[in-house]
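Remember, it's a predicted structure, so these values are computed and weren't measured experimentally. Reminder, nothing fancy here: chain letters follow the sequence lines and each chain counts from 1.
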Amino acid sequence: MQKYNHQAIEKKWKKNWENSAIYKTKEVVGKPKYYVLDMFPYPSGAGLHVGHPKGYIATDIVARMKMMQGFNVLHPMGWDAFGLPAENYALKNKVHPSDGTAKNIATFKKQLGLLGFTYDWDREVNTTDPKYYRWTQWIFLQMFKKGLAFESFAPINWCPDCKTGLANEDLEGGLCERCGSEIERKPMRQWVLRITDYAEKLLSGLDTLTAWPEHIKKMQSDWIGKSEGALVKFNVIPVQTGIRVKQTGSPVELGMTTLEIFTTRPDTLFGATYMVVAPEHPLIKENLEKISNKKEVEEYLEKAKSKSDLERTELQKEKTGVELKGLKAINPATGEEISIWTADFVLGQYGTGAIFADAHDERDFEFAKKYKIPLKVTIRPNDDLVWERVKNLEECYTGDGVHFDSQFLDGLFITEAKEKIISWLEEKGLGQRKIQYKLRDWVFSRQRYWGEPIPLINCEKCGWVSVPENELPLELPKVKNYEPSGTGESPLATITDWVNTTCPQCGGPAKRETNTMPQWAGSCWYYLTYTMPKDNEGSYDWDKNKINYWNPIDLYVGGAEHATRHLIYARFWHKFLFDIGAVACDEPFTRLQNVGLILAEDGRKMSKRWNNVINPDEVVAEYGADAMRLYEMFMGPFDQPCAWNTKGVVGVRRFLDRVWALSEKTSLIPVKTGIQDNKFPIKSGMTVVLHQTIQKVSQDIDNLHFNTAISSMMELVNEMNKVDTISKDDFILLIKLLSPFAPHISEELWSGLGNKNSIFESSWPEFDAELAKDSEITLAIQVNGKLRDTLNVNIDINEDKVKALVLSSEKIKKWLMSKEPKKIIYIKGKLVSIVV
RNA sequence: GGGCGAAUGGCGGAAUUGGUAGACGCACAGGUCUCAGAAGCCUGUGGGAGCAAUCCCGUGGAGGUUCAAUUCCUCUUUCGCCCACCA
């Protein structure tokens with residue numbers, strides 16, 4: 001018997017699999033389909049470290065089991081190669097992004113190849129391939145046609161380091177998610193996608209995603225941030241040195257304007273004692289001359305403007321603001337005049353950029369205390385002690401209670417009061433019901449080179465016109481200088497012969513849009529491409545039959561960091577495609593699983609910076625791809641972060657060595673009949689534990705509990721090691737269970753048993769509940785809740801017999817101390833509990 | 001500040017409609033093999049007491065429910081992740 005030589009075996013089978021094309025995606029009629037997908041990587045210059053393949057190993061295991069279970073399996077891989085990381089890498093290493101990307105893809109592909117995945121490389125996609133982004137552009141044009149893509153000049157997030165505008169989702173606490181620079185707000189011309197039109201669908205769709213982790217759904221619904229409330233109009237009037245201007249003439253003549261606010265608590269309107277507008281609110285600019293402390297206000301605005309977003313959030317402990325003297329608002333419910341303030345804790349971009357303030361909101365309460373603005377309590381808490389403090393304005397009460405001093409709301413609790421006042425506002429024309437979302441529209445253009453060109457043309461006469469669909473793809477021109485200009489113009493703007501074109505509508509002179517799409521564009525729909533057929537030139541066909549055959553994805557695996565970006569964006573695009581009839585399902589990912597990060601041995605993230613990166617190539621060379629695959633699945637729960645430990649690889653390698661050695665024990669035992677269809681009429685000594693393992697491993701793979709699947713196989717192997725011989729049938733079952741995890745060694749052992757086909761063309765072992773049943777079980781016997789004895793009995797024993805046996809046990813007699821048991825509890829197959 | 005999740009031996013972790021805590025692996029110790037070492041194999045391995053049988057304690061901490069709690073409830077500590085003035 002030769003020693004297990006992983007290098008020779010893995011090389012042999014990789015080559016063999018390539019030649020036999022067993023991983024080509026099949027669409028056999030009558031078989032169910034299973035589409036299992038990883039979030040595709042962007043091919044960075046650093047190559048893979050051992051953390052990257054964890055998710056890929058998991059999907060590969062699922063894919064292989066599903067294949068053996070008789071599914072048509074689609075398990076593809078591709079490259080998300082546009083965007084800032086690829087471009088920054090290229091700039092740093094002085095290579096053209098397209099050359100750098102091609103090189104990195106080759107490295108990634110080689111590294112993935114070492115691990116023996118089942119990818120069908122005929123279906124590989126690359127987002128930077130014009131044949132691919134032809135359809136990215138096409139989808140964008142459909143959105144443009146439907147008014148979902150629009151030009152905006154509003155201030156956006158600008159990263160001075162990356163020299164580009166960014167979406168809200170690209171920020172982390174006011175910093176650029178990519179480079180950590182402080183973000184500025186800069187007014188710029190932008191293309192924006194109206195994702196907010198889909199806010200409600202994106203939110204309600206979450207309820208249908210029963211196979212998604214709850215915390216991811218929670219993150220998405222928080223990000224969408226739905227609030228139900230009302231818009232309320234306040235009249236604003238000028239006052240002169242405290243004396244109101246006499247009310248004669250029309251409101252307009254009086255200089256009266258209205259200030260609209262959004263609130264989720266319209267029921268506190270009777271207690272509104274002041275208002276606050278954001279520093280950028282137009283009310284200030286429009287009424288500047290009427291403001292008596294104009295100078296003070298202007299100084300405050302100047303200060304607020306110079307504060308970055310980061311400062312604004314960091315300085316949140318202390319709220320600042322200034323009153324707009326000379327202006328007053330009229331509380332529409334009470335008719336009282338109330339003061340108006342500006343403060344930067346009110347955000348210009350949310351709601352209407354203005355609020356009314358009352359005693360039942362923490363921030364309003366705090367601000368009023370600081371600036372000694374009067375407050376009026378209108379809700380009485382149930383608890384008298386709390387009420388005492390609330391009444392004296394010592395505590396802000398935000399909970400439910402009975403309204404008072406609120407006219408027709410008196411005596412009502414919050415929910416009823418809200419309903420009633422909204423009806424009243426609507427009746428009087430003072431306001432209306434309103435649903436507000438935190439989700440912002442998606443800033444979709446980047447002032448960078450390495451992205452999909454936005455296929456629009458600006459004509460002096462016709463305005464923005466689509467590039468005709470039959471002219472797609474609009475290819476990204478090759479340029480020498482692709483560094484970002486920093487002026488807010490894309491590097492493409494300098495290529496005049498590309499920019500200057502003619503209008504497709506009127507034929508007149510026109511200019512191309514020079515901004516490109518963001519990194520996230522290509523990943524919004526790539527999973528559809530894997531299912532689209534290609535013609536001889538490699539062009540994709542939007543073949544609805546094929547797309548709708550494979551989609552939606554049955555299992556999608558990737559990192560939790562994509563919860564609020566890729567996964568929201570992709571759902572948005574998919575829902576749009578559904579609405580225009582381009583796809584048949586309205587959610588793209590039926591089931592989602594998160595991969596837990598693999599940390600370095602020192603517990604930190606693997607990074608060049610810490611010099612703690614482990615390269616998979618070396619692990620594969622020393623211990624084998626099978627050991628590496630097995631270890632990454634064995635190290636802990638799949639969705640939990642876990643530190644790498646090379647000693648652990650040694651452990652699973654020993655396990656593989658033991659499996660290898662086991663094959664020796666099988667050589668003299670003939671194969672029983674019926675092996676091919678997994679029927680085992682003869683019970684061997686191993687049958688019970690074997691069938692328990694079949695059940696456990698099959699269920700665990702379905703649930704992605706790989707660590708316990710592996711430990712149960714280890715237990716089986718330990719059992720097999722205890723006996724002198726094992727039947728070939730039993731051994732075959734073991735290697736079939738092992739094969740999705742460790743494909744190379746399993747294939748070698750399978751072929752060593754004389755099989756001519758691949759183990760992955762054989763069928764998955766079927767679990768037989770009858771065969772998995774133990775005939776004898778161990779009962780635990782407790783006295784007063786403490787374990788005092790165990791009892792081996794036949795599985796079919798009846799209750800009376802058990803009780804008699806228990807009471808006759810010497811150990812138990814000792815603990816009963818000749819007292820009469822008060823109660824005897826028998827849990828069938830588990831335990832007997834005696835109470836004295 | 002808010003939300004979500006977690007806490008089990010020296011380490012990674014297992015155990016859920018509440019039912020024998022510590023499976024499996026690592027590490028460690030003893031043995032075997034060897035001239036010797038490595039590897040492999042066998043045995044042991046939560047803490048404490050005892051020659052032993054056996055007993056006591058034990059799942060971050062404090063209570064509670066129960067015949068029985070790692071599991072359920074209340075409070076609390078620590079850590080991780082996400083969001084962060086969203087009216």
Side-chain angles (χ1 to χ4, degrees), chain A residues 3 172-174 213-219 221-223 225-227 229 261-266 268 275-276 278 312-317 319 343-347 349-358 360-364 366-367 436-440 560-561 563-564 594 596-597 630-631 634-637 639-652 654-655 657-658 661 705 707-718 721 778-791 811 814 821-836:
Chain A
K3 212 175 158 336
E172 262 176 18
E214 283 305 318
H215 72 277
I216 298 289
K217 289 199 276 183
K218 181 87 172 64
M219 273 160 79
S221 77
D222 285 353
W223 191 263
K226 180 178 181 177
S227 297
I261 59 94
F262 171 72
T263 179
T264 54
R265 291 291 305 277
T268 61
M275 303 191 75
V276 189
R312 261 170 90 151
T313 48
E314 266 186 353
L315 299 171
Q316 63 176 275
K317 295 146 223 156
K319 298 193 194 326
D344 64 6
F345 79 84
V346 172
L347 306 172
Q349 315 153 58
Y350 182 76
T352 62
I355 60 161
F356 78 67
D358 63 82
H360 298 286
D361 178 281
E362 299 271 5
R363 288 155 311 171
D364 299 352
E366 186 196 323
F367 189 78
Q436 183 70 43
Y437 300 92
K438 285 186 204 169
L439 185 72
R440 312 270 162 81
E561 69 273 18
T564 50
N594 289 130
L597 210 61
L630 212 49
Y631 171 63
F634 184 60
M635 53 199 299
D639 56 353
Q640 294 297 115
C642 196
W644 179 269
N645 179 1
T646 301
K647 287 273 172 56
V649 189
V650 177
V652 293
R654 277 183 205 145
F655 165 67
D657 283 329
R658 279 195 282 269
H705 295 166
N707 54 333
T708 49
I710 294 167
S711 67
S712 72
M713 286 189 283
M714 286 172 166
E715 284 177 83
L716 174 62
V717 168
N718 290 346
N721 259 323
T778 307
L779 288 178
I781 302 161
Q782 297 180 343
V783 179
N784 285 339
K786 294 209 170 196
L787 180 75
R788 295 304 179 191
D789 198 7
T790 57
L791 189 62
K811 278 184 193 167
K814 198 178 98 194
K822 267 190 211 152
K823 207 159 124 191
I824 301 177
I825 299 153
Y826 173 60
I827 309 292
K828 195 170 183 295
K830 291 254 164 93
L831 58 61
V832 182
S833 184
I834 306 167
V835 191
V836 254

Q. Considering only B/U20, B/C86, B/G13, which nucleotide approaches the side chain of A/Ser227 most closely?
A. B/C86
Q.
I want to verify a distance call: between B/C85, B/C86, B/C67, whose nearest atom is closest to the A/Lys319 side chain?
A. B/C85
Q: Kindly compute the distance separating CZ (A/Phe655) from OH (A/Tyr631), expressed to the nearest 0.5 Å.
A: 16.0 Å
Q: Give the nucleotide from the list B/U20, B/C86, B/G40 with an atom nearest to the side chain of A/Arg654.
A: B/G40
Q. Rounded to the Å, how far apart are A/Glu366 CD and B/G1 C1'?
A. 11 Å
Q.
Which is it for B/G9, anti or syn, if anything within 90° of zero counts as syn?
A. syn
Q: Scan A/Gly651 against the nucleic acid and name what it touches under 4.0 Å (heavy atoms): base, sugar-phosphate only, or nothing.
A: sugar-phosphate
**Q.** Spacing of the C1' atoms in B/G19 and B/C24 (rounded, Å)
**A.** 22 Å
What side-chain donor-acceptor pairs closer than 3.5 Å can you find for residues 782-791 of chain A, not counting sequence neighbours?
from	atom 1	to	atom 2	distance (Å)
A/Asn784	OD1	A/Val836	N	3.1
A/Asp789	OD2	A/Ser809	OG	3.1

Q | Atom-pair distance (CZ on A/Phe634; P on B/C26), nearest Å | A | 8 Å
Q: Calculate the interatomic distance between A/Asp657 atom CG and B/C26 atom C1'; express it in whole Å.
A: 16 Å
Q.
Within this structure, what is the CZ-CZ distance for the pair A/Arg265 and A/Phe356, rounded to the nearest 0.5 Å?
A. 8.5 Å
**Q.** Gap in Å between the two C1' atoms, one belonging to B/U8 and one to B/U16, rounded
**A.** 15 Å
Q) Closer to the 5' end of RNA chain B via nearest nucleotide, is it A/Asp222 or A/Lys830? A) A/Asp222
Q: Please report, rounded to the nearest Å, how far the P atom of B/C24 is from the CG atom of A/Leu630.
A: 16 Å
(Q) Measuring from the side chain of A/Cys642 (C-beta onward, heavy atoms only), which nucleotide among B/C86, B/C24, B/G13 has the closest atom? (A) B/G13
Q | A/Asn594 vs B/C81: side-chain N/O to OP1/OP2 distance below 4.0 Å | A | no
Q. In dot-bracket notation, what is the pairing pattern of RNA chain B, taking Watson-Crick (N1-N3 plus N6-O4 or O6-N4) and G-U wobble (N1-O2 and O6-N3) contacts under 3.5 Å, with [ ] crossing and | for other strands?
A. (((((((..(((......[....))).(((((.......))))).((((....))))..(((((..]....))))))))))))....
Q: Among the candidates B/U20, B/C26, B/C83, find the nucleotide nearest to the side-chain atoms of A/Asn645.
A: B/C26
Q: Not counting sequence neighbours, which residues clear side-chain contact (heavy atoms from CB on, under 4.5 Å) with A/Thr646? List them please.
A: A/Glu601, A/Ile614, A/Tyr623, A/Trp644
Q) When rounded to the nearest 0.5 angstrom, what is the spacing between CD in A/Glu561 and CE in A/Met219? A) 9.0 Å
Q. On a whole-Å scale, what distance lies between the C1' atoms belonging to B/C56 and B/U74?
A. 29 Å
Q: Have a look at A/Asn707 and say if it touches a base, only the backbone sugar-phosphate, or nothing, with a 4.0 Å heavy-atom cut-off.
A: sugar-phosphate
Q.
Quiz question: going by heavy-atom distance under 3.5 Å, is there a donor-acceptor pair between the base of B/C67 and the side chain of A/Lys822?
A. no
Q: Starting from P on B/A14, measure out to NE2 on A/His705 and report it in whole angstrom.
A: 9 Å
(Q) Taking the C1' atom in each of B/U17 and B/G22, what is the distance between them to the nearest angstrom? (A) 23 Å
Q.
Heavy atoms only, 4.0 Å cut-off, all strands: where does A/Asp364 land among base, sugar-phosphate and nothing?
A. nothing
Q. NA contact type, A/Lys218, heavy-atom cut-off 4.0 Å: base, sugar-phosphate, or nothing?
A. sugar-phosphate
**Q.** Nucleotide of B/C67, B/C86, B/G40 approaching A/Ser833 most closely (side-chain heavy atoms)
**A.** B/C67
Q: Could you grab the distance from atom CD1 of A/Ile834 to atom OH of A/Tyr826, nearest 0.5 Å is fine?
A: 13.0 Å
Q: Would you classify A/Thr264 as touching base, sugar-phosphate or nothing, given that sugar-phosphate means primed atoms plus P, OP1 and OP2, and contacts are heavy atoms under 4.0 Å?
A: sugar-phosphate
**Q.** Distance, rounded to the nearest Å, where A/Asp639 contributes CG and B/G13 contributes P
**A.** 11 Å
Q | From A/Met714 atom CE to A/Arg658 atom CZ, the distance as rounded to the nearest 0.5 Å | A | 7.5 Å
**Q.** Which nucleotide in B/A87, B/G19, B/A27 has an atom nearest any side-chain atom of A/Lys647
**A.** B/A27
Q. Looking at OG1 of A/Thr708 and CE of A/Met713, how far apart are the two atoms once the value is rounded to the nearest 0.5 Å?
A. 9.5 Å
Q. Expressed in whole Å, how much space separates the C1' atoms belonging to B/U65 and B/G10?
A. 36 Å
Q. Under 6.0 Å from the six-membered ring centre of A/Phe367 and within 45° of its axis: does the NZ or CZ of A/Lys319 meet both?
A. no
**Q.** Side chains of A/Ile825 and A/Val832 in contact at under 4.5 Å (non-hydrogen atoms)
**A.** no
Q. At under 4.0 Å, does any side-chain N or O of A/Lys786 touch on OP1 or OP2 of B/C57?
A. yes
Q. Among the nucleotides B/A14, B/A23, B/A87, which one has an atom lying closest to any side-chain atom of A/Pro637?
A. B/A14
Q: Nearest whole angstrom, please: distance from the C1' of B/C82 to the NZ of A/Lys217.
A: 17 Å
Q.
Please pick, from B/A15, B/A87, B/G25, the nucleotide with the shortest atom-to-atom distance to any side-chain atom of A/Thr708.
A. B/A15
Q: Could you measure between the two C1' atoms, the one in B/G3 and the one in B/G58, and give it in whole Å?
A: 33 Å
Q | Nearest-angstrom distance from the residue atom CD of A/Glu362 to P of B/C86 | A | 11 Å
Q | No-H, no-angle donor-acceptor pair, A/Gln640 side chain to B/G13 base, under 3.5 Å | A | no
Q: Between A/Arg788 and A/Ile825, just flag the one whose closest nucleotide in RNA chain B comes earlier from the 5' side.
A: A/Arg788
Q.
Is the shortest side-chain heavy-atom distance between A/Ile355 and A/Phe345 below 4.5 Å?
A. yes
Q.
In whole Å, measure the gap between the P atoms of B/U45 and B/C81 for me.
A. 38 Å
Q) Considering only B/A87, B/G19, B/G25, which nucleotide approaches the side chain of A/Gln782 most closely? A) B/G19
Q. How far, in whole Å, is B/U77 from B/C41 if one measures between their C1' atoms?
A. 47 Å
